[in-house]
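For reference, the structure discussed in these notes is given below.
Side-chain atoms are counted along with the backbone in the values below, which use heavy atoms only and exclude waters and symmetry mates. In what follows, every chain begins at residue 1, and chains take the letters A, B, ... in the order their sequences are listed. What you see is a predicted model; the values in this text were computed from it and never measured.
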Amino acid sequence: MTDPKTSLQNFNIKEFQNDLLTWYYANKRDLPWRRTNDPYKVWVSEIMLQQTKVDTVIPYFYNFIEQFPTVYDLANAEEQEVLKAWEGLGYYSRARNLQHAVREVVERYDGKVPSKPKELEGLKGIGSYTKGAILSIAFNQPEPAVDGNVMRVFSRVLNIDDDIAQAKTKKLFETLTREVISHEDPSSFNQAIMDLGATICTPKSPTCLLCPVQEHCRAFDLGVEQQLPIKSKAKKNKTQSYAVLLIENEQGEIGIEQRPEEGLLANLWQYPMVPLEENSIEKIEEWIYSNHGFTIKLGKKQGELKHVFSHLTWNLDIYTALLIEDNIKNKNIKFVPKQELINYPFPVSHLRMKQYI
DNA sequence: AACGCGGGGAC
DNA sequence: GTCCCAGCGTT
């Protein structure tokens, strides 16, 4: 475990800050959430940006702020509307936690986003990074906001070889950032590190020749920037196979089911899925009857679809089917007109099945 | 500390 | 194919 005191010996903090900030003021990216100081909008952007690239977030951010311009609009919205606005962005618990937290801000803090670390920390979906990001960016407090960029940049600049996949390493970088962060402009300092990590100090092939803090970088000096940061491997994922049924009733409506309120793709809607591990194709109709209480006639296979999550892979066989007897007992399944499907939040894998409807 | 949780883009 | 992205909540 690296000792933070030792790491900062002979490191010129003041010159590092000056070189970094001078570069940032001249080169900072023009991003939608940088055109406001509204803590709510900063908050929304930070939640969307968790594990998600800037280019992916931008259109979602515009749409979300247009639809929910204030904490009150979001607090008063239906959860399904919020999930629909989040559709395709992934990690859907972010959206539900954000709305939950915003409702708490309305009730407990008179609609004002809190500016105290302890208060922010208590809000659903706000962890150590997002807390620091809001405090520094929206309230200009010298708090660390340590994400993957910060760990990569500082592991190189200070030549730190601790495993960034481990929790204690993040705490090390928070301690280091507290020492190095600018107290004159903490907002710009944190965002400058992130811009640097996103555009120059990239994971592979960093463009050190253009780096504003190259002369402060110990990894560059030693020629080991490509070997840092150290990150232990993630374990490989598992595969699950399902039949997905596009069930049509006599009125031409399509059957959809809502997923459980916890776990993968919580509360989103999908076309009914039948696990295929032990169920041969012949048993699909029987499985539907015993699990959902209605009878179907299985139609032709329409195609296959492979969908890769970060931790598992779905192999989906897509079938059409006809509803024969509709005494449905499962409240999570309902039949809706085709033109109303667009009102429901679907996972991307099921959005792709629209072509077979 | 380890794991579940989406989806996309770069290579 | 692999990696990783402005991470967090739960166990």
Side-chain angles (χ1 to χ4, degrees), chain A residues 28-29 31-34 42-61 83 86-98 100-101 120-138 143-153 163-171 173-174 177 187 189-199 201-206 226 229 231-238 240 259-260 262-268 270 306-314 345-352:
Chain A
K28 64 180 174 184
R29 293 177 289 176
L31 303 172
W33 43 90
R34 287 183 176 169
V42 172
W43 181 8
V44 169
S45 75
E46 291 302 339
I47 301 297
M48 287 187 169
L49 285 161
Q50 289 168 7
Q51 295 293 287
T52 311
K53 285 200 158 61
V54 164
D55 289 343
T56 302
V57 166
I58 289 174
Y60 283 90
F61 178 79
L83 286 174
W86 213 269
E87 183 183 70
L89 198 53
Y91 286 150
Y92 299 93
S93 66
R94 292 185 294 178
R96 299 201 301 146
N97 288 339
L98 174 60
H100 185 276
L120 279 174
E121 213 161 33
L123 296 172
K124 271 274 195 305
I126 297 186
S128 64
Y129 164 76
T130 306
K131 174 184 60 176
I134 293 173
L135 288 172
S136 62
I137 296 172
E143 293 289 321
V146 174
D147 68 338
N149 288 309
V150 175
M151 290 196 283
R152 183 171 59 256
V153 169
D163 181 3
I164 65 166
Q166 295 191 340
K168 62 179 180 181
T169 305
K170 184 172 186 175
K171 295 194 172 185
F173 284 112
E174 286 174 345
T177 302
S187 168
F189 182 92
N190 280 342
Q191 294 184 85
I193 296 288
M194 293 187 243
D195 270 23
L196 189 66
T199 63
C201 196
T202 50
K204 293 166 186 171
S205 307
Q226 301 266 14
K231 187 175 184 180
S232 53
K233 307 286 184 190
K235 64 173 191 178
K236 66 172 186 178
N237 64 11
K238 301 174 179 176
Q240 297 174 348
R259 295 182 59 86
E262 291 190 347
L264 181 66
L265 304 169
N267 279 0
L268 270 65
Q270 65 184 16
K306 177 177 174 178
H307 189 83
V308 179
F309 299 95
S310 50
H311 61 300
L312 70 94
T313 298
W314 275 356
F346 282 85
V348 166
S349 52
H350 284 246
L351 286 175
R352 298 195 199 289

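- A close approach under 4.0 Å does occur between a side-chain nitrogen or oxygen of A:Gln51 and OP1 or OP2 of C:dG7.
- Contact check, A:Arg94 against B:dG7: no side-chain N or O comes under 4.0 Å of OP1 or OP2.
- Among the protein residues, A:Gly197 comes within range of no part of the nucleic acid, since none of its heavy atoms lies under 4.0 Å from any strand.
- Listed by chain and number, the residues in a ring pair (Phe, Tyr, Trp, His ring centres under 6.0 Å) with A:Tyr60 amount to none (sequence neighbours excluded).
- Which of B:dC5, C:dG9, B:dG7 sits closest to the side chain of A:His311 comes down to B:dC5.
- For the pair A:Leu98 and A:Trp86, the minimum side-chain heavy-atom distance is below 4.5 Å.
- Here the C1' atom of nucleotide C:dG7 and the OH atom of A:Tyr129 are 9 Å apart, to the nearest Å.
- The interatomic distance linking A:Trp43 (CH2) with C:dC8 (C1') rounds to 14 Å, in whole Å.
- OP1 or OP2 of B:dG7 lies within a sub-4.0 Å distance of a side-chain N or O belonging to A:Tyr92.
- Picking from C:dT2, C:dA6, C:dG7 the nucleotide with the shortest atom distance to the side chain of A:Gln191 gives C:dA6.
- Side-chain N/O atoms of A:Thr52 and base N/O atoms of B:dG7 include no donor-acceptor pair closer than 3.5 Å.
- Distance from the side chain of A:Arg352 is smallest for B:dG8 among the nucleotides B:dG8, C:dC5, B:dG6.
- Residue contacts for A:Trp314: at a heavy-atom cut-off of 4.0 Å it reaches no nucleic acid atom on any strand shown.
- Side chain of A:Lys204, nearest nucleotide from C:dT2, B:dG7, C:dC8: C:dT2.
- Listed nucleotides: C:dA6, B:dG6, B:dC5. Nearest to the side chain of A:Leu265: B:dG6.
- Among the protein residues, A:Lys170 comes within range of the sugar-phosphate backbone only, with heavy atoms under 4.0 Å from sugar or phosphate atoms but none that close to a base.
- Atom P of nucleotide B:dC3 and atom CZ of A:Phe309 are separated by 20 Å, given to the nearest angstrom.
- The aromatic rings of A:Phe309 and A:His307 stand perpendicular to each other, their planes meeting at an angle above 60°, with 30° marking the opposite boundary.
- Within 3.5 Å, no donor on the side chain of A:Thr130 pairs with an acceptor on the base of C:dG7, nor the reverse.
- For the pair A:Asp55 and A:Glu262, nearest-nucleotide mapping onto DNA chain B gives the more 5' position to A:Glu262.
- C:dA6 atom P lies 12 Å from atom CD1 of A:Ile164, rounded to whole Å.
- Here the closest non-hydrogen pair linking A:Val150 and A:Asp147 is N-OD1, 3.0 Å.
- When distances run from any side-chain atom of A:His307 to the nucleotides B:dG7, C:dC4, C:dG7, the shortest one goes to B:dG7.
- Along DNA chain C, the nucleotide nearest to A:Ser310 and the one nearest to A:Lys306 differ in position, and the one closer to the 5' end is contacted by A:Lys306.
- In the set B:dG6, C:dC5, C:dA6, C:dC5 carries the atom at the smallest distance from any side-chain atom of A:Lys231.
- Of the candidates A:Gln50, A:Glu174, A:Lys170, A:Glu46, A:Tyr129 forms a side-chain hydrogen bond (donor to acceptor under 3.5 Å, both in side chains) with just one, namely A:Glu46.
- For B:dA2, neither phosphate oxygen OP1 nor OP2 lies less than 4.0 angstrom from any side-chain nitrogen or oxygen of A:Lys168.
- Considering only side-chain atoms of A:Arg152, the nucleotide from C:dC5, C:dC8, B:dG6 that sits closest is C:dC5.
- Taking atom CE on A:Met48 and atom P on C:dC8, their separation rounds to 16 Å, with Å as the unit.
- Ring geometry for A:Phe61 against A:Trp33 counts as perpendicular: the plane angle is over 60°, on a 0 to 90° scale with 30° as the lower cut.
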